[in-house]
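Here's the structure we're looking at; comments come further down.
A quick note: this is a predicted structure, and the numbers were derived from the prediction, not measured. In what follows, every heavy atom counts, from backbone to side chain, and hydrogens, waters and symmetry copies are set aside. Chain letters run A, B, ... following the sequence lines, proteins first, then strands; residues in each count from 1.
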Amino acid sequence: MFTLISAVKEKFKGVPWILLLTAYAIIFVGLYNTYSTTVAGVNPKQFYDQVIFVIVGTFAMFFIGVLIDIRNLERVSSFIYVVVSLLLLAVDVFGKNAKGAERWLALGPIRIQPSEFAKFAIIIMIARSFSVMKDYEFSLVQLWKQFALIALPFLLILAQPDLGTASLILLIAVVQMATVRVNIKSILGLGFIALSLMTIAWNFILYDYQKQRVLTFLNPMLDPRGSGYHSIQSMIAVGSGGLTGQGFGQGTQAKLNFLPERHTDFAFSVWSEEHGFIGCLFLVVLFALLVTQIFQIADRARDSYTSIVAVGVAAFFLLHFLINISMVIGVFPVVGVPLTFISYGGTHMLTALSALGLVVAVEKKRAYVSSSFG
Amino acid sequence: MQGSRSKFHIVSDPKRRNIILSGFFGCTALITARLWYLQIIRGNDFSIAAIKNRIREIARPAPRGLVYDKNGKTLLSNRLFFDLIIIPQYLQNRDKTISILSDLFHIPKEVIERKLLESQSNPKFVPVRIKRNLSLHEVATLESNKFFLPGVDVDSAPRRDYLGNESAHLYGYLGEVTLKELDILNASSPNYSYRVGSIIGKTGIEKKYEEFLRGGEGKEALLVDALGRLQLDADYNFALNLSKPAERGNDVHLTIDSDLQNTAIEAFRNKNGAVCAMDPNSGAILAYVSSPNYKLSMYQDGLNGSDWQSLRSNPFKPLLDKVTGGAYPPGSTFKVVTAIAALEEGVVNIDHTFNCPGYYSLGRGRWKCWQHRGHGVVNMPLAIQKSCDVYFYNVGNLLGIDRIAKWAKILGLGEKTGLDLNMELSGIVPSSEWKLRTKGLPWQSGDTINCSIGQGFNLYTPLQILSMYSSIANGGKLFKPYLMKKVVDKDGKTLLEEKPTLVRELNIKPGNLAAIHKGLFDVVNGATPTARKAKVPGFFVSGKTGTAQNSALKFTKGKSREDVSFQALDHAWFVCFSSALDPLKEGANKPEIALIVFSEFDGGGGGANAAPIASTILKSYWRKKYPERFKQDSSLTSSSMSVKVHSGEDLHSSSSGMHIPLPDDEISSEDQMLPNPISTLEN
């Protein structure tokens, strides 16, 4: 009995409990908000689904963070990357259609969104690709391998088409690489290439509806009943929250369906409408704490792999947070980027908690290494 | 192994991580600032925007005020009607919805498409009325399918229930306000706001008393979701605080006697023209009929193009109110004007006589009397009784046109009576100045001859003639005709009461007036009366017939035969007043009712065709007032006075040669200088 407890104690040694507390505080807010949008609304099943996702995600988080050694995970990074890429290919071939985009893959009764897993895969894959490089400073030419690694899932997701997720994959990888010492000339070169790619993408790759989103982002009032509708309704929802909000379950924008995607991409609008500026500030502070803590873990990491993994996870939370909220408050085009832990969505919850598990593993590894030296 | 992965070899740069983290904090600060801006600075604006999103204000048209007759009998009421509407904003799957509606309500798809297209310029939330006045079955059909048809709804509105009272020209039709009317109405009514789609009175009393009848439009604040579906959630009942119930309009009590009105309609059936009855002692209108009539409910159901075309192209002009809106040659009814002018101007006295050989010569012109063999020697009362044209030619010639015109104007001709119903005309009182001004030609003495018997340029509305005879009947007071007794609000409080308005005292010498009365009395009751068919046994009727030649006769050239045949027909006039006691006796009570019957394109004379109608109407009036006097009569007597019997007699009397011979060849030289030399016949 005593040995079991001490074994468990040993296993959980070094787990960053404050980080988990922050994360689960956000998750609790998310569940509470989902309850408001779904139970009090039309589809109570979604709330219970979300609870199950959190439980499954928590198991995944502890599995990755506590049960397996991150070193082993590093070894299977390529394998995971390949599996996810195959899934993405499968989506492009057999995917289930949702609003003009194929994002879902039906596996029996469960539908999964491989593009979410791709976020996890790219984090560990980029980290893995750097951990085997021993140089102190890189030129972009040396990074061709990383670009190729990004390009594969990026293009597969873009083909779905899902510009938001594809860009997120790219951005997470870019943030990871940005912390690597790359010389300035190379970065300028990268900027030039990115600009060219954007021009090409605008003219040849982007679908009309995606272009339309960008255009109406510049002036949502151009088309208040069409593409600008989401932005405007979301801003109305946020703004009508005022200082303290309308109260739980009282948001009319959400309740009366003026707010589109209110339990997924626009869940933060509902939170803003019902809990006002104070509620928003609470959530913003929680996210800032979460991201800061992950960066601190990255700082404390003892090797390239764990450090870059932690940066990747930080980028994951940071980017979802910034893009989603910017979208909700009308300063960014409406792209399908969920707010981690707040928006409804099983695959994303699972991915986010798995990513959190990575950070736990990183911190635990450092604690283990530190203690073994100490 | 751990040593080889020392901190020194970490490729991730803490400095760059710090830059990224700082960037993140910067962005977070900006987001917080943006949230502050949206929620604190502009929070109120967005709250209002959210309210506008979920609250839809629906205007609830007010039930119009009721209309009663003088005895308190309801003439116009209200009933709830249901319309099929489409709110374009919430229309989903347009083609499918239209095809379902088309199947359910048997409306061609093109019609729905057209209606949606027509209202495209309106804001998207303004409902488009697809079908008006649905049956209850149709309402039930729609309600049960509403869920599948977002944007389709039933709108209910109180509308006029005409209760079978379809005197279109009197009551007037209702219609949606036009944009032009909207500006005028809103400028003139500061306390009431009309909007697109408001129903207003377009003609008749609905228009005249619009400000009383319209009521207060209500509004209903409805809580809707993004699809425009009504939310009945009790949590949101705050929306109802913004609602305001519609207030029914004020009730208007008319001076119309509905029994008399119905009798007049019945007696005048199948005739074209106008019938109007008035209380000569006040100007209160008792009956008001213009024929042919049209159905008011037709407008309410939504007039379609072909109905509208047939109304417009009907040669008998059903849309025209012939009581006030049509001016016609008055024929012999005008002779009293010449008579009064002559007596008052002292041109002749009552006993002055002229010989009527059957024609009258002036210069090279020659005018015939309707009685070809002549009336012999006639004085004023006799001339009126026999309607002797030659007497009035003589008198007219002595008077000159301007003195006739002066008295016509004193008697209220040539000016609007002030009833102000349905675009009232002022008529034309010809004078030398008038002819010079309008035609640029000098007055000819032949013009005077024509005008002195009511032909020539004279054009008056039946109401003007009636008003003039009323003023003669009551002893010289010209009253403004009026229709409204009072306006009563919904609590029964009288808001406004209309009193008789005296336009002017005629100041006719009593002796002269008595002579005119004598003449008019003898028209009906004399030895050789022209209007004996107007008699009502037991009551006293005085009046004057008129058979006006239609000036269209001169201009029939080149027209098809059918058109000529009816446009060339004479107008038959009969105007009269009636009292229960002998009006010629000193101190007798005054006439209680004045009545005009004007039958356009009648083809018969006033005495033969218009007088019997007047008799029927007067009888109805007296029977209602003194039923005991009619009980004494045998049923045979009263039924023998019915219209049907009269129409049989008409055939007899019209055979006694009342067609118009054209002017003789001898007078054709002067004829050419006179624009309208027409002689008149009277029976």
Side-chain angles (χ1 to χ4, degrees), chain A residues 130-131 133-136 138 175-176 178-181 225 232-233 235-243 250 252-253 255-260 272-273 276-277 280-281 284 287-288 291-292 295 298-299 301-305 307-308 310-311 314-315 318 321-322 325-326 329-331 369 372-373, chain B residues 1-55 89 124 223-229 231 233 235-236 238-239:
Chain A
F130 277 113
S131 76
M133 299 173 86
K134 298 290 180 208
D135 293 303
Y136 183 73
F138 303 95
V175 170
Q176 282 180 301
T179 64
V180 174
R181 295 183 183 87
R225 287 273 156 216
I232 291 170
Q233 293 302 333
M235 274 160 70
I236 291 173
V238 173
S240 64
L243 183 66
Q250 297 297 310
T252 56
Q253 284 289 101
K255 200 106 300 165
L256 301 175
N257 286 322
F258 291 103
L259 206 55
S272 309
E273 189 183 18
F277 183 70
C280 291
L281 207 60
V284 167
F287 270 105
V291 171
T292 311
F295 267 104
D299 282 346
R302 291 298 179 90
D303 59 58
S304 290
Y305 182 75
S307 161
I308 294 172
V311 167
L318 174 159
F321 171 76
L322 289 182
I325 292 192
S326 301
I329 61 179
V331 295
V369 171
S372 64
F373 275 103
Chain B
M1 183 180 166
Q2 300 296 337
S4 70
R5 289 178 179 270
S6 70
K7 218 168 186 175
F8 192 74
H9 288 106
I10 292 175
V11 292
S12 179
D13 184 354
K15 274 188 211 149
R16 294 195 177 180
R17 284 202 299 268
N18 285 340
I19 292 170
I20 290 167
L21 190 61
S22 310
F24 167 71
F25 282 133
C27 289
T28 306
L30 287 176
I31 282 171
T32 309
R34 173 75 177 175
L35 285 169
W36 176 267
Y37 170 75
L38 290 179
Q39 298 189 303
I40 307 299
I41 297 174
R42 299 232 7 233
N44 222 20
D45 299 349
F46 284 111
S47 293
I48 290 164
I51 290 169
K52 280 186 181 163
N53 257 347
R54 65 178 184 260
I55 304 294
Q89 188 179 340
K124 285 270 176 281
L223 187 74
V224 294
D225 72 0
L227 290 178
R229 294 176 302 209
Q231 303 295 301
D233 204 328
D235 292 353
Y236 296 108
F238 54 83

Just give me the residue among A/Phe295, A/Phe321, A/Phe277, A/Phe287 that pairs up with chain B most often, heavy atom to heavy atom, under 4.5 Å. A/Phe277
If you define the side chain from C-beta out and look only at heavy atoms, does anything of B/Gln39 sit under 4.5 Å from A/Leu243? no
Is it the case that the side chain of B/Arg34 and the backbone of A/Val331 share a donor-acceptor pair, with hydrogens and angles ignored and the cut-off at 3.5 Å? no
Pick whichever of A/Thr292, A/Val284, A/Val175, A/Val238 has the most heavy-atom pairs under 4.5 Å with chain B. A/Val238
Residue among A/Ala315, A/Ala314, A/Ala178 with most heavy-atom pairs under 4.5 Å to chain B: A/Ala178
For chain B, the option from A/Ser240, A/Ser307, A/Ser272, A/Ser326 that forms the most heavy-atom pairs under 4.5 Å: A/Ser240
Distance-only donor-acceptor pairs under 3.5 Å for side chains of residues 22-32 of chain B, two or more places apart:
residue	atom	partner	partner atom	Å
B/Ser22	OG	B/Asn18	O	2.6
B/Thr28	OG1	B/Phe24	O	2.7
B/Thr32	OG1	B/Thr28	O	2.7

Ranking A/Ile308, A/Leu318, A/Leu281 by heavy-atom pairs under 4.5 Å to chain B gives rank one to A/Leu318
What's the spacing between B/Ile48 CD1 and A/Ile236 CD1 if we round to 0.5 Å? 11.5 Å
Sequence neighbours excluded, which residues qualify as side-chain contact (heavy atoms from CB on, under 4.5 Å) partners of B/Arg16? A/Val182, A/Ile187, B/Asp13
Counting only heavy atoms closer than 4.5 Å, note whether B/Ile40 contacts chain A via side chain, backbone, both or neither. side chain
